[in-house]
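Single-structure report; data block below.
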Amino acid sequence: MPRKIIIDTDPGQDDAVAILLAFASPEEIEVLGITAVAGNVPLALTQKNARIVCELAGRREMKVFAGCDKPLVQKLVTAEHVHGKTGLDGIALPDPTMPLQESHAVDFIVETLRQEMPGTITLCALGPLTNLATAFRTAPEIVGKVREIVLMGGAYFEVGNITPAAEFNIYVDPEAAEIVFKSGAPLTVMPLDVTHKVLTTRPRIEAMRDIGTEIGHAVAEWTDFFERFDMEKYGSEGAPLHDPCVIAHLIRPGLFSGRHINVEIETGSPLTRGMTVADWWGITDRPKNALFIGDVKSEGFYDMLTGRLARL
Ligand code: RIB
Ligand code: CA
């Protein structure tokens with residue numbers, strides 16, 4: 001039985017690859033809907049980009065919803081310096097013609113969890129957690145019905161990528177992250193510690209291009225564009241392909257390993273706002289609220305990703 005998921009996202013080239021991977025894996029995953037949030041670029045672009053990706057995959061029937069256009073408390077911080085002004089720079093794709101759903105993304109999340117059987121819905125969060133936190137605040141009773149939240153965000157050993165202390169998704173909306181991390185819902189976290197181990201090296205990008213399809217070409221062009229910023233910053237041989245780790249975990253959990261630990265969010269200090277304080281060494285007796293992933297078999301990850309994308 002495929003797992004029913006909602007993808008909450010701020011596309012973003014890496015978000016786009018994650019969405020395509022989900023579409024390419026119907027045995028394991030049934031995507032009930034895609035909810036866009038402001039993050040890498042403003043909401044007007046993330047909701048448009050989500051539909052561009054759906055149309056690229058031939059999924060015009062997919063329900064795409066626009067969600068929150070700014071964080072709960074903080075002023076929106078975006079990342080055009082990484083993703084380009086459209087958020088999907090690297091290849092020019094046609095504007096979407098498929099409809100954006102009328103309802104707000106938060107209402108879709110709340111109603112889906114209310115209507116579906118308890119323990120059957122997985123929330124896959126690839127951007128700032130504003131939509132999820134707003135849904136949990138709007139309808140606290142849905143938290144107990146969530147099967148699992150799998151999110152890309154935070155860091156411990158890798159520390160920060162948008163500030164010296166914080167990873168972008170958590171930094172943009174730390175108050176929302178605090179609500180999600182304290183919600184009590186089963187939580188699996190893909191931090192920079194693991195995403196920095198799946199770098200878009202040249203052979204891996206060429207393997208995508210060699211798929212020989214429009215999708216393979218788009219993914220190669222996106223990663224070519226998206227990686228230049230991180231390669232310059234880290235001097236690495238590729239960029240971390242962050243968000244597909246969330247979807248890959250649903251398909252091949254054995255590729256990943258981590259620890260069940262306490263993770264709390266800094267919301268008070270301007271200097272360390274959005275830091276995920278992860279008790280990796282079990283120093284405190286704070287509640288273990290998250291499976292914090294620290295390692296991945298990166299060759300297996302890319303073999304699986306490339307093989308799946310070749311199916312589309
Ligand atoms: O820090 C990486 C995260 O921020 C990824 O989800 C990327 O898409 C951006 O949203
Ligand atoms: Ca993202």
Side-chain angles (χ1 to χ4, degrees), residues 6-22 34-43 45-50 52-53 67-68 70-71 74 76-90 105 123-132 149-174 176-177 180 188-200 219 222-223 225-231 233-234 236 238-249 265 273-276 293 296:
I6 294 174
I7 300 176
D8 192 71
T9 179
D10 63 336
Q13 291 87 350
D14 60 319
D15 302 67
V17 179
I19 294 167
L20 292 173
L21 177 58
I34 295 177
T35 51
V37 68
N40 284 321
V41 286
L43 179 68
L45 286 174
T46 58
Q47 57 90 337
K48 175 183 170 188
N49 292 344
I52 286 174
V53 177
C68 300
K70 56 183 175 304
Q74 308 292 340
L76 178 62
V77 170
T78 53
E80 286 86 350
H81 59 291
V82 179
H83 299 276
K85 66 177 175 30
T86 70
L88 276 187
D89 283 26
L123 302 177
C124 295
L126 312 181
L129 293 164
T130 319
N131 286 343
L132 267 63
I149 299 168
V150 189
L151 67 85
M152 190 278 138
Y156 181 59
F157 294 100
E158 285 294 324
V159 211
N161 63 358
I162 187 76
T163 73
E167 177 279 325
F168 180 79
N169 287 340
I170 310 299
Y171 176 76
V172 169
D173 199 340
V180 171
T188 299
V189 180
M190 291 285 164
L192 298 179
D193 303 43
V194 67
T195 69
H196 281 208
K197 293 175 180 170
V198 285
L199 298 181
T200 59
V219 169
W222 281 331
T223 39
F225 178 89
F226 154 88
E227 72 171 12
R228 80 221 180 290
F229 176 80
D230 279 323
M231 285 175 75
K233 176 162 78 170
Y234 296 111
S236 53
L241 198 55
H242 306 285
D243 294 336
C245 290
V246 168
I247 304 299
H249 189 262
I265 311 295
R273 154 193 160 181
M275 182 174 197
T276 46
I293 301 296
V296 58

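Values reported hereafter were calculated over all heavy atoms of this structure, with side chains retained and with hydrogens, waters and symmetry mates removed. None of these values were measured; they are calculated from a predicted model. Remember, it's 1-based here, ligands and their atoms both numbered in the order they're listed.
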Margin query: Looking only at protein heavy atoms, which one is nearest to atom 6 (O) of ligand 1, and what is the separation?
Written below: D243 OD1, 2.6 Å

Item checked: Shortest protein heavy-atom distance from atom 7 (C) of ligand 1, along with the residue and atom involved -> D14 OD2, 3.3 Å

Check: Counting each atom of ligand 1 from 1 as listed, which ones have a heavy atom of M152 under 4.0 Å away?
Finding: 2 (C), 3 (C), 5 (C), 6 (O)

Next item on the list: Quick one: closest heavy-atom pair of S236 and L199, and the distance?
Entry: CB-CD1, 4.1 Å

Next item on the list: Could you tell me whether T195 approaches ligand 1 through its side chain, its backbone, both or neither, with non-hydrogen atoms closer than 4.0 Å?
Entry: neither

Notebook entry, point to check: Counting each atom of ligand 1 from 1 as listed, which ones have a heavy atom of D10 under 4.0 Å away?
Noted result: 10 (O)

Check: Counting each atom of ligand 1 from 1 as listed, which ones have a heavy atom of D15 under 4.0 Å away?
Finding: 8 (O)

Margin query: Among the N/O/S atoms of D243, which is closest to the Ca ion (ligand 2)? Give the atom name.
Written below: OD2

Next item on the list: Report the distance from atom CG of L21 to atom SG of C245, rounding to the nearest 0.5 Å.
Entry: 10.0 Å

Notebook entry, point to check: Any side-chain heavy atom of T276 sitting closer than 4.5 Å to one from I265?
Noted result: yes

Check: Nearest protein heavy-atom contact for atom 9 (C) of ligand 1: which residue, which atom, what distance?
Finding: N40 OD1, 3.1 Å

Next item on the list: Answer yes if the side chains of T46 and N49 hold a donor-acceptor pair under 3.5 Å, and no otherwise.
Entry: no

Check: Checking only N/O/S atoms, does L126 have one that is under 3.0 Å from the Ca ion (ligand 2)?
Finding: yes

Checklist line | Matching residue for F168 among D10, T163, V82 - test: side chain to side chain contact (heavy atoms under 4.5 Å, CB included) | finding: D10

Next item on the list: Count the heavy atoms of every other residue, nucleotide or ligand shown that sit under 6.0 Å from NZ of K85, and state whether that count exceeds 12.
Entry: no

Next item on the list: Quick one: look at I162 and ligand 1, take heavy-atom pairs under 4.0 Å, and tell me if it's side chain, backbone, both or neither.
Entry: neither

Notebook entry, point to check: Is it the side chain (CB and beyond), the backbone, both or neither of V82 that lies under 4.0 Å from ligand 1, heavy atoms counted?
Noted result: neither

Check: Considering only heavy atoms from C-beta outward, does the side chain of P128 approach that of K70 to under 4.5 Å?
Finding: no

Margin query: Could you identify the single nearest non-hydrogen protein atom to atom 1 (O) of ligand 1 and state the distance to 0.1 Å?
Written below: E167 OE2, 2.6 Å

Note to self: Testing the basics here: between V172 and V77, what is the closest heavy-atom pair and its distance to 0.1 Å?
What the structure shows: CG2-O, 3.5 Å

Checklist line | Side-chain donor or acceptor of E167 paired with backbone N/O of G154 under 3.5 Å | finding: yes

Checklist line | Member of V194, L192, N169 meeting the side chain to side chain contact (heavy atoms under 4.5 Å, CB included) criterion with H242 | finding: L192

Notebook entry, point to check: At the Ca ion (ligand 2), what's the angle from D15 OD2 to D10 OD1, rounded to 10 degrees?
Noted result: 70°

Next item on the list: Output the list of atoms in ligand 1 that are nearer than 4.0 Å to some heavy atom of F168, sorted by atom number.
Entry: 1 (O), 4 (O), 9 (C), 10 (O)

Item checked: N/O separation below 3.5 Å, H242 to ligand 1 -> no

